[in-house]
Enquirer: 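Pasting a structure here, questions to come.
In what follows, every chain begins at residue 1, and chains take the letters A, B, ... in the order their sequences are listed.
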There are 2 protein chains.
Amino acid sequence: MTDNTAIAFATAIAQGSLRVVDLTFTLSPDMPVIVLPPEFGQSSPVRIQQISRYDENGPGWYWNNITVGEHTGTHFDAPVHWYTGKDLPNNAVDTLPVEHMIAPACVIDCSAQAAADPDFLLTRAFVEDWEKSHGRILAGHWVLLRTDWSKLGPRDFANLREDGAHTPGPDSNVMEWLVNERDILGFGTETIGTDAGQGSHFAPPHPAHHFLHGAGRYGLQCLRNLDQLPPTGAILITTPLKILNGSGSPLRVLGVAPS
Amino acid sequence: MTDNTAIAFATAIAQGSLRVVDLTFTLSPDMPVIVLPPEFGQSSPVRIQQISRYDENGPGWYWNNITVGEHTGTHFDAPVHWYTGKDLPNNAVDTLPVEHMIAPACVIDCSAQAAADPDFLLTRAFVEDWEKSHGRILAGHWVLLRTDWSKLGPRDFANLREDGAHTPGPDSNVMEWLVNERDILGFGTETIGTDAGQGSHFAPPHPAHHFLHGAGRYGLQCLRNLDQLPPTGAILITTPLKILNGSGSPLRVLGVAPS
Ligand SMILES: [Mn+2]
Ligand SMILES: [Mn+2]
């Protein structure tokens, strides 16, 4: 059959010279979802409603209906999610370029820093230091923030206190710089948001959302198994559901890297 | 950065020597869903419920909750969907091997036959004839039935008559042969089911479901744009949502082929 780079890629996976890493949490009613201040609309919890299971409702088949928020579990943020991206072309999950759904990734390990300080903030200096070891972040790459946050239990994962969530994320300056000076495709985290838990107090508020989506870039949240990816050399497959004018989507995120 | 087959694949897409084809219908309330006899449980229609849109429910953000059936729109069937696959290991969308989510595809063009006869059935003889031109179908490949059915309007797409749906699909013999003699990964169609509209009257009933899922193989339905894929040389990316014990999932299906 035809010999080409796509077939070579699939063959390398089948033969084991590339490995596939599932970066996705299981979608279940136990999955923590973001909680906003009570004056705002809230995301639905995950609901799985059985239609039949080899029974009188369907003797030969098992299936369910599901309800989720677009920003539930491991999920993708499209530019239209944020007011800064609301007037961009092709800004929703059904219209964004499908070529963007397959792209290389840089993984920045901040796990030690996040373990020491739940409010750890990624800075430009931190990334520039990472680049000294791993090379300059290239245009069109994902930047993934490894914090090992996905290994925490549900309560520590959300880490809600009286004054809101305390989880690591990027500061405002590094997000503007990654978008404008590194031309990244998007930014991904292991936490519930691309922004730090205290990001509503930053200037501008929620700088990851602000700068990424205002420039037509993407977000990924609730990633896991980032410790199984190399700092460079992996690609991400990120295929959101084609929801009509969808602002985001739960999705299966795969990383593919050399074995 | 690291040079490997995964990076080569992403680079070929970014540079345009590979093209990405979106094989997915938009998920919207207009999407036809399968209708079962009234004594059985039914799939939910697609519902998209707005939470906020830069308004008093969320001044800076737009998002929705969505409800879908696991078998709604362009979707994936896992072995646990059918009673023949219910006791297999790793038979649900959250447990199946992620390596299977990237695999080559053979596209069999039956569009002329389906246009002439909505009850057209794919046979072993038809596939053996296809193999004379395109080579033997290799183990681990998807087989996709191109019928151009996805180009029809909603009423002709479902094509419901008093005695049920009339849409093309495979006969029983070819499904058993593709699974056992060609060791395919799965079977995909442009219609609402992997089986023909009249497949409940076949022996065994619904032979695509019966043989595929009983052998741990997969189904894809409501595909579109199969006319943009070559007969061989494309790969499919099929990443179902990681629904807890899910029987299937709406998903974004991408084909990748030489430009
Ligand atoms: Mn989000
Ligand atoms: Mn199905």
Side-chain angles (χ1 to χ4, degrees), chain A residues 1-2 4-10 12-14 18 20 22 24 26-28 40-41 44 51-52 54 57-58 60-71 80-83 86 94 98-99 101-104 135 140 232-233 235 237 239-244 247 250 252 254 256-258, chain B residues 1-2 4-10 12-14 18 20 22 24 26-28 40-41 44 51-52 54 57-58 60-71 80-83 86 94 98-99 101-104 135 140 232-233 235 237 239-244 247 250 252 254 256-258:
Chain A
M1 300 206 174
T2 318
N4 66 56
T5 313
I7 296 291
F9 175 66
I13 290 168
L18 291 176
V20 182
D22 191 353
T24 318
T26 301
L27 267 181
S28 84
F40 298 134
S44 171
I51 307 171
S52 73
Y54 330 117
N57 293 316
W61 51 93
Y62 159 60
W63 56 339
N64 305 295
N65 291 317
I66 62 166
T67 297
V68 290
E70 288 176 336
H71 298 261
V80 73
H81 177 47
W82 212 248
Y83 75 99
K86 75 183 177 61
D94 57 333
V98 290
E99 293 75 16
M101 299 179 189
I102 299 162
T232 66
I235 70 168
I237 295 176
T239 53
L241 296 178
K242 197 171 181 173
I243 301 164
L244 181 67
S247 73
R252 193 73 167 253
L254 301 183
V256 186
Chain B
M1 300 207 175
T2 317
N4 65 56
T5 313
I7 296 291
F9 175 66
I13 290 168
L18 290 177
V20 182
D22 191 352
T24 317
T26 301
L27 266 181
S28 85
F40 299 134
S44 170
I51 307 171
S52 74
Y54 330 117
N57 294 314
W61 51 94
Y62 159 59
W63 57 337
N64 304 295
N65 291 317
I66 62 166
T67 297
V68 291
E70 287 176 337
H71 298 261
V80 72
H81 178 47
W82 212 248
Y83 75 100
K86 76 184 175 62
D94 56 334
V98 291
E99 293 75 15
M101 299 180 189
I102 299 162
T232 65
I235 70 167
I237 294 175
T239 53
L241 296 178
K242 198 170 181 173
I243 302 164
L244 180 68
S247 74
R252 193 71 167 255
L254 301 183
V256 186

Enquirer: Examine whether an atom of L241(A) lies under 4.5 Å from a heavy atom of chain B, and if so say whether it belongs to the side chain, the backbone or both; otherwise answer neither.
Expert: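 When you check distances to chain B, atoms from both the backbone and side chain of L241(A) fall under 4.5 Å.
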
Enquirer: Show the nearest heavy-atom pair for residues Y54(A) and K86(B), with the distance to one decimal.
Expert: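 Closest approach of Y54(A) to K86(B), heavy atoms only: OH-CB, 3.1 Å.
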
Enquirer: Please work out which of the three classes, parallel, tilted or perpendicular, describes the rings of F9(A) and F9(B), given edges at 30° and 60°.
Expert: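 F9(B) and F9(A): parallel rings.
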
Enquirer: Testing the basics here: between T24(B) and K242(A), what is the closest heavy-atom pair and its distance to 0.1 Å?
Expert: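 Scanning both residues completely, I find the closest heavy atoms to be O-NZ, 3.0 Å.
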
Enquirer: For residues G41(B) and W63(A), report the shortest heavy-atom separation together with the two atoms involved.
Expert: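 Heavy atoms only, the tightest pair is O-CZ2, 3.7 Å.
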
Enquirer: Quick check against the 3.5 Å criterion: does N4(A) have a side-chain atom that pairs as donor or acceptor with the backbone of G233(B)?
Expert: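 Side chain of N4(A) to backbone of G233(B): a pair is present.
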
Enquirer: L254(A) versus chain B, heavy atoms under 4.5 Å apart: side chain, backbone, both or neither?
Expert: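 For L254(A), the contact with chain B is made by the side chain alone.
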
Enquirer: Using heavy-atom distances under 4.5 Å, tell me whether L18(A) contacts chain B through its side chain, its backbone, both, or neither.
Expert: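 When you check distances to chain B, only side chain atoms of L18(A) fall under 4.5 Å.
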
Enquirer: Mind checking whether W61(B) and F40(A) have parallel, tilted or perpendicular rings, split at 30° and 60°?
Expert: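 Judged by the thresholds at 30° and 60°, the geometry between W61(B) and F40(A) is perpendicular.
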
Enquirer: Out of S28(B), S52(B), G60(B), which one racks up the most heavy-atom pairs below 4.5 Å with chain A?
Expert: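 Ranked by contacts with chain A, first place is G60(B).
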
Enquirer: If you count heavy-atom pairs under 4.5 Å between each of I235(A), D22(A), T239(A), N64(A) and chain B, which one has the most?
Expert: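 The residue among I235(A), D22(A), T239(A), N64(A) with the greatest pair count is N64(A).
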
Enquirer: Can you see which heavy atom on E99(B) is nearest to which on V20(A), and at what distance?
Expert: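 It is OE2-O, 4.1 Å.
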
Enquirer: Of all heavy-atom pairs between I7(A) and P104(B), which one has the smallest distance, and what is that distance?
Expert: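 Heavy-atom minimum between the residues: CD1-CB, 4.0 Å.
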
Enquirer: Return the option, out of V256(B), V80(B), I237(B), with the maximum number of heavy-atom pairs under 4.5 Å with chain A.
Expert: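 Going by pairs under 4.5 Å, I would pick V80(B).
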
Enquirer: Picking from L27(B), I51(B), I66(B), L244(B), which has the most non-hydrogen pairs under 4.5 angstrom with chain A?
Expert: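 Looking at each option in turn, the highest pair count goes to I66(B).
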
Enquirer: If you count heavy-atom pairs within less than 4.5 Å of chain A, which of M101(B), E70(B), H71(B) leads?
Expert: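 Most pairs with chain A among the choices: E70(B).
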
Enquirer: Shortest non-hydrogen contact from T67(B) to T67(A)?
Expert: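 Between these two residues, the closest heavy atoms are OG1-OG1, 2.8 Å.
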
Enquirer: Quick one: which of A6(B), A10(B), G69(B) has the most heavy-atom pairs under 4.5 Å with chain A, could you say?
Expert: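 Among A6(B), A10(B), G69(B), the one with the most close pairs to chain A is A6(B).
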
Enquirer: Under 3.5 Å, is there a donor-acceptor pair between the side chain of N65(B) and the main chain of S44(A)?
Expert: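 The answer is yes, because a donor-acceptor pair under 3.5 Å joins these two groups.
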
